[in-house]
Structure formats: C-alpha cells, structure tokens
Amino acid sequence: MKVIDLPIPEPLKKSYTVRGIEALYPPQDEAVRSGIFEGKNLLCAIPTASGKTIVAEMAMHRQVAEGGKCLYIVPLRALATEKYEDFSGKGLSVGVATGDLDRRDAYLGRNDIVVATSEKVDSLLRNKAQWLAEITLVVVDECHLIGSEDRGATLEMVIAKLRHNNPQIQVIALSATVGNPGALAGWLDAELVTSEWRPVDLREGVYWQGQIHFDNHTRKIPAGSKDDDLNLCLDTIAEGGQCLVFVNSRRNAEAFAKRAASKLKLSETTLESAADRIDRGASTELGRTLARCVKGGAAFHHAGLAAAERHEVEDGFRKGAIKVISSTPTLAAGLNLPARRVIVRDYLRFSQGGMVRIPVGEYKQMAGRAGRPHLDPYGEAVLIAKRENDREGLFETYIEAPPEEVHSQCNAENALRSHILSLITTGFARSRTDVLAFMETTFYAYEHQGRRSTIQETVERVVDDLVAAEMIDELDGWLEGTKYGNLVSRLYIDPRTAEAIVDGLRQRPPYADVGVLELLCETPDMLTLFLRKDDYEFVDRFLAERRDELWTGVPYGYDDLEGFFQSVKTTMLLLNWAEEVTDEMICERFNVGPGDIHNKVETAVWLIHATSRLAHLFSPELEEPIAELEIRVKHGIKRELLPLIKLRGIGRVRARRLFNAGLTTPEDLKAAGVRKLSPVLGEKIAARVVAQAGGKVEEIPDAETVDEPIPETPVEHQTSLSAFGGTENE
DNA sequence: GCAGCGTGCTTCTAGACAGCATGTC
DNA sequence: CTAGAAGCACGCTGC
C-alpha cells in the first residue's frame with residue numbers, strides 16, 4: 001500500500017515522504033487492513049523495528065482528524081521522551097507526562113496526543129484528571145509488560161479503567177512477539193496482526209571456537225586477540241559496523257569497554273569532543289573511566305552513570321563515533337539504539353540462589369536491536385557458547401524457542417491492595433460486588449474464564465485489610481475511601497508503605513532526620529542498597545553513634561538483620577547527600593555511581609513528601625520539619641542553605657559558594673547586586689538571581705528572567721539534577 | 001633480597017515507575 | 001540449582 005493513498009492527514013503523509021517512506025511494510029499494511037482507521041482495536045505483535053510506531057501514529061492522526069484525542073502509554077521515561085520527539089512537528093500538538101517531566105496538568109489535556117508512562121496514567125486517573133475522559137484512542141506500547149511481575153498489574157488495571165470509563169475507546173496494543181498473542185487480543189476484542197517480517201534481515205547464531213554457527217552456514221571470526229567476545233566486536237568494526245554487547249554486571253560492562261578501547265586503535269578524532277565533555281563533567285571515578293573508554297571508541301552503559309553521561313554514550317553511538325557499547329540490560333528494553341551486530345555474551349544472570357537463564361523474550365529483545373534499517377545490509381545476533389554442548393543448546397533455548405506467554409499479574413495480593421484502594425477512592429467501585437465486577441473485566445478474568453479462580457478470596461481479603469487499616473470505610477455494604485485512604489491513593493504509594501509510615505508517626509517520636517529516612521528505607525517502595533561484607537562494620541559504627549535517633553528501633557535477634565542493615569546503609573547515603581558530602585565521596589563510600597545517587601534521592605524525596613502529607617493527618621507537629629527535610633534531600637543541602645535554594649538557578653553548589661562568601665539570604669544577594677555577584681555566579685545567573693530577590697538589574701537588557709509563561713516544550717521539574725554534573729558549566 | 005609471575009581463594013553481582021501546587025501581567 | 005570475573009594474598013622462581 002502506498003503512503004499517498006492512505007486516508008491520513010497531509011502533514012503526516014508529507015513527514016513520511018520526506019523521510020523516504022513511500023510504501024508500508026507488509027505488517028503495517030496488514031494493520032491498516034485490519035481496520036485501525038475504522039476504530040477497530042488491534043494487537044500488533046511484530047518484531048522490534050518493523051514499524052509498530054508508525055501504525056499507531058497513523059491511527060492517532062486519523063483519530064484527531066475526526067475530533068478525537070490520543071493517549072500513548074510507554075513503560076519507561078526515556079521512551080516517553082523518545083516518542084514525544086518522534087510525534088512532534090507533524091501537525092499535531094503533543095505532550096508528555098512522566099514523574100519527572102510534564103506540562104502542567106490542565107494544559108496537558110489540551111494536546112492532541114499525550115505520551116505517558118503507565119504509572120503516570122494511573123496516577124492521573126487517581127487524581128481525576130478530567131481530560132482523560134476525552135481520550136478516544138489509547139495506544140499501549142510494549143503491552144507484553146502486562147506479564148511483568150512488578151509492574152504488569154498496573155498496566156492491566158489502567159487499560160481496564162480506561163475502557164471502563166469509555167467503552168467505545170479504541171485500543172491499539174503494540175508488542176514484541178509473545179507466546180500467546182491470541183489471548184491478549186481476545187481480551188482486548190482486538191484484531192490480531194502477527195508477523196516475523198523485518199525490514200533488515202536478522203541472522204541469529206552461536207559463536208564457538210572461532211566461528212559463528214548459523215542454522216545453515218558458519219562464519220569465521222579472525223582471532224585478533226585472545227578474547228572471543230572482543231574478536232567478535234573487532235570483526236564487525238573492521239567491516240564498518242557497530243557492536244552492542246550485553247553482559248550481566250556493571251563490572252563486566254566496564255571491564256569489556258576498557259579492553260575494547262585499548263584494542264580498537266581508531267584514527268578518528270571525532271570522539272575527542274564527547275570524551276572531553278564527559279571528562280569535564282565527570283566528578284567521579286566512574287565518569288573519568290568512561291571518558292577514557294570513549295576516547296578509544298568504546299563505552300559502557302548502566303544505571304550507575306549520570307544522566308548526562310548516558311546521553312553522551314547514546315548520542316556518540318548514534319553518530320557512529322562510538323563503535324561499541326557494553327551494556328547491562330539498561331539498553332535491552334530502553335532506547336532504540338540499533339547496531340549491526342548484537343553480542344549476547346552473558347545469558348546467565350545472578351539471582352539469589354544462583355545463576356538463572358535470562359528469559360527468551362529478553363534475548364529476543366536484545367537480538368532485535370541488530371541491524372539498522374537503511375544502514376546495515378543485515379543484522380547479526382550472536383550468543384557466545386562457553387562449552388561445547390552450548391553450541392546446540394543455545395540454539396534450542398533461545399534462537400528456536402518461542403517467547404514466553406504473557407499472564408496476568410492481577411491476582412497478586414500486593415499489587416491488588418494498591419489497585420483496589422484506588423478503585424474505591426476514585427469511585428470505580430462502591431461495594432465488594434462492584435470491585436469483583438470490575439475485576440471481571442481484567443485480563444486475569446479473561447484468562448480464567450470457566451475455570452475456578454481464587455480472585456474472589458483475594459479481593460475479600462484485600463478489602464478486609466484496607467478496612468482494618470482504616471483506608472476504607474464500610475457502611476451497610478458500601479465502600480468509601482477515608483481521608484487517609486484517599487490521600488494514600490493519590491500519593492501513589494503502596495498501602496503497606498503508608499501503614500509503615502503511619503505506624504512510625506503515631507508513636508510521636510522526637511523529630512530526627514535519621515529517624516524519618518530510616519523509616520522510609522524500611523518501606524516496600526524504597527529499594528535499598530546492596531550490602532557488601534565490609535559494610536556490616538561500616539553500618540555498625542554509624543549505629544553505635546546514632547541508634548537513639550532511629551524511629552523503628554534496632555530489631556532484636558538476627559532474623560532480618562541484613563534487611564535492617566541495608567536500610568541503614570541507604571539512610572546513610574541519603575544523610576551524606578543532605579549534608580553536602582560530594583558525589584565523588586558518596587560514590588566511593590557506598591560503591592555506587594552518580595546515577596544511583598540520583599535514583600535513591602528521587603525516590604526518597606517522593607516518599608518524604610508522602611510522609612509530610614501523612615504527618616498532616618496523624619502527627620501535625622512533625623509536618624513542618626519533614627517538609628524541610630524534603631527540600632534538603634531534594635537539593636542535597638544543609639539547613640543553612642534553605643533560604644538561598646528558593647531562588648531559581650541556585651542549586652547545591654552555587655548556594656554553598658554564596659553562603660561561604662558570606663551571602664546567606666536573598667536579601668544579602670539583593671544588597672550585593674549583580675556586579676558583586678558576577679564573580680561568584682557568572683553574570684547571567686547573577687542577574688537572574690538578583691531579579692528574583694527583588695533587586696534592580698539595569699546591567700542586563702534582556703531580563704526575561706522572572707517566570708516563563710506556559711512552556712512550549714516539557715519542563716523538567718526542578719530537581720537537584722544539576723548538582724550531578726559536579727561543577728556547573730554555565 | 002626482591003621483582004615478577006602463577007595459583008588459589010574470596011568477593012561480588014540489573015533495572016527504575018510514582019507526588020505536588022497553580023494563578024497572571 | 002545453572003557462574004565467572006576481578007582482586008588479593010601468598011609463595012615460588014629466577015636473577
């Protein structure tokens with residue numbers, strides 16, 4: 001089918017033809033024929049990179065042309081940004097909503113297309129964003145994640161809620177290939193399009209002793225070094241391609257990149273700039289190591305990297321300057337970063353109890369990254385066999401194996417507790433019968449139709465729990481959220497987290513930073529740091545001094561000493577951060593990367609906020625000190641910098657510099673004036689700051705500093721992110 | 001006596017969603 | 001269960 005013949009708006013057609021897209025790929029063709037333009041539901045289960053996004057995009061434009069509004073649900077923030085950029089500039093207005101990125105709520109709904117993470121959509125539903133009622137098409141990207149143990153239930157409930165609100169809503173679900181697409185399609189009342197077709201040929205093989213064995217031929221790999229994994233890389237690079245290597249630990253990723261960098265011997269100098277930028281921005285050993293690798297044309301990628309470092313690596317690879325990335329699973333499901341050859345070096349992954357094979361679906365996900373459309377003649381995915389019998393075995397377990405089936409996670413009590421609370425607080429259900437009726441519309445019920453299921457018992461038990469926890473009132477068979485329950489639902493915290501916090505607050509302990517933080521680190525919403533052997537002593541020394549400040553008390557016995565120590569270690573990291581310990585020191589002390597600090601801080605800020613709101617209900621005298629702690633942890637500052645941090649453009653580094661120069665309040669800055677501040681802050685920032693403090697800024701003509709109107713592009717929430725670059729670069 | 005190397009033992013291990021307030025020159 | 005890389009202490013070897 002030709003693009004010009006499609007019933008889609010002109011600007012979109014043009015954006016395709018400009019990019020050289022003139023005809024649809026076969027699976028896209030089939031999707032169009034299945035009736036997406038007539039409002040039919042669709043499950044499109046086709047390989048990575050075979051054009052799923054365009055299918056959804058065409059349908060969205062068509063919907064908007066007919067007066068509709070679209071919601072595009074993704075699993076990751078990075079993906080939300082990617083899709084936002086993808087959809088922008090083609091004639092429709094696009095917005096993004098994720099936890100750290102959004103347009104102000106009311107304006108968000110003015111867009112034709114809103115891209116959001118599943119949790120954000122759930123949160124918007126809980127907070128009753130009115131515009132959600134206007135959605136006529138919802139696209140569910142990576143919908144196989146319904147089967148994910150930790151987040152699948154959320155996605156499933158969100159879909160069910162949206163369909164409940166508007167039974168006419170069109171649903172387009174996109175997925176990599178799954179074992180049971182029929183079941184998912186059945187639940188969604190969707191047409192099913194499956195295909196193995198790919199725009200670039202994908203060859204999957206197993207490497208063993210100098211050769212890649214494909215199903216009907218082999219390929220010799222020159223032995224340039226003693227390492228097989230490296231040889232596979234060098235081979236691809238020698239013929240002008242790029243390589244993605246998946247390994248199972250951060251240490252392995254770093255070690256591989258170092259080895260690759262030393263062997264690559266590139267002549268180009270285009271890397272210098274990226275390497276220099278990383279090096280200049282790096283305030284940690286990790287960053288400096290990365291810079292050295294990048295200089296050699298190789299990079300590693302994992303969640304310990306600072307955001308800026310990740311972007312440098314991704315951009316450098318896209319531009320072709322970086323030839324190889326060794327990565328933990330961060331890149332497997334994340335951004336679209338294709339490479340000619342994908343090497344799945346480690347197919348075993350550590351889990352408590354031993355090494356476990358990665359799922360087939362995850363292998364397919366990684367393999368699917370091989371081959372860049374229009375750029376590579378073909379893509380290769382290579383598993384490395386470590387012993388003779390793996391040569392055959394890996395073919396069977398991965399290459400020829402069908403992907404896993406997707407099953408509902410909606411019968412898990414822990415997931416249901418939170419979702420049932422939200423059903424009741426938002427009025428989806430007003431009785432136990434209602435709750436069960438709603439659950440009947442889920443994929444879980446669809447999968448268990450005609451079979452005995454335990455969902456009713458689970459629901460009853462969960463409702464009992466919520467009533468006992470005073471989050472729900474039950475009167476004459478009617479269920480209603482209490483003030484407390486409503487708050488918990490809207491704060492989007494796990495009810496168990498809320499209970500733990502409220503238990504802590506109700507004891508009315510004397511306020512202590514340590515007490516609050518440790519309490520949060522004990523909740524299921526906070527993932528704690530890994531505990532190494534030497535950490536026991538490290539943590540114990542801290543406890544010896546400050547155990548009196550704990551709100552939870554030191555547990556008796558040795559039942560869960562490890563869990564407790566993990567929480568205390570995480571508490572220590574957060575305290576260090578709020579006491580202005582440098583990221584370099586924190587990384588060294590806790591064996592983490594800057595990205596880890598950011599993640600821990602972000603989660604902690606969210607939970608501290610929730611705690612202060614809960615304190616308002618249960619222990620009002622604690623609300624204010626907790627709110628103050630929230631600001632301190634958010635920015636990573638001691639109490640004395642609180643007045644300065646209120647100014648925009650001032651983060652932990654600049655505030656500290658001003659304070660040390662004797663300027664401790666906005667009034668001081670106003671009195672000092674732009675001229676005196678410029679040496680400390682730079683002229684531009686100085687002007688901005690003085691303007692905010694109420695001073696005159698005659699020196700600067702363009703004082704467009706005060707407050708911007710509605711931003712055209714999404715704004716990043718003010719977080720302490722800027723502090724992660726270490727030194728400021730303005 | 002000591003640098004350099006090999007051996008064997010110990011240690012360690014991926015990722016990442018979510019809140020909020022909102023009027024105005 | 002289905003592991004393997006890196007770091008380290010130690011001891012041997014060769015000069």
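Quick note on labels: first sequence line is chain A, next is B, and so on, each numbered from 1. No experiment lies behind these values; they were computed from the predicted model shown. Values below: every heavy atom of this structure, side chains too, minus hydrogens, waters and symmetry copies.
Residue-level contact check: Asn248(A) touches the backbone only, with heavy atoms under 4.0 Å from sugar-phosphate atoms and none from bases. Contacts of Ala303(A) with the nucleic acid, taken as non-hydrogen atoms under 4.0 Å apart, involve only primed sugar atoms and P, OP1 or OP2. Tyr492(A) comes within 4.0 angstrom of the backbone, heavy atoms only, and of no base. Among the atoms of the strands shown, base atoms are found under 4.0 Å from some heavy atom of Leu348(A). As judged by a 4.0 angstrom heavy-atom cut-off over every strand, Arg387(A) is placed among residues touching the sugar-phosphate backbone only. Using a 4.0 Å heavy-atom distance criterion, Arg532(A) is classed as a sugar-phosphate-only contact.
If you check distances only, the side chain of Tyr347(A) never reaches the base of dG4(C) with a donor-acceptor pair under 3.5 Å. Within 3.5 Å, a donor on the side chain of Glu630(A) pairs with an acceptor on the base of dG19(B), or the reverse.
In terms of phosphate contacts, Ser123(A) brings a side-chain nitrogen or oxygen within less than 4.0 Å of OP1 or OP2 of dG19(B).
Taking atom P in both dT13(B) and dT2(C), one finds a spacing of 23 Å when rounded to whole Å. Separation of the C1' atoms belonging to dA14(B) and dA3(C) is 16 Å when rounded to the nearest angstrom.
In this structure, Trp606(A) forms no aromatic stack with the base of dG19(B), since the conditions of centre separation below 5.5 Å and plane angle below 30° are not both met.
Between the Thr523(A) side chain and the Leu520(A) main chain, a donor and an acceptor come within less than 3.5 Å of each other.
When rounded to the nearest whole Å, the span between CD1 of Ile358(A) and C1' of dA14(B) equals 11 Å.
Residues Tyr72(A) and Leu79(A) have side chains not in contact (no heavy-atom distance under 4.5 Å, counting atoms from C-beta outward).
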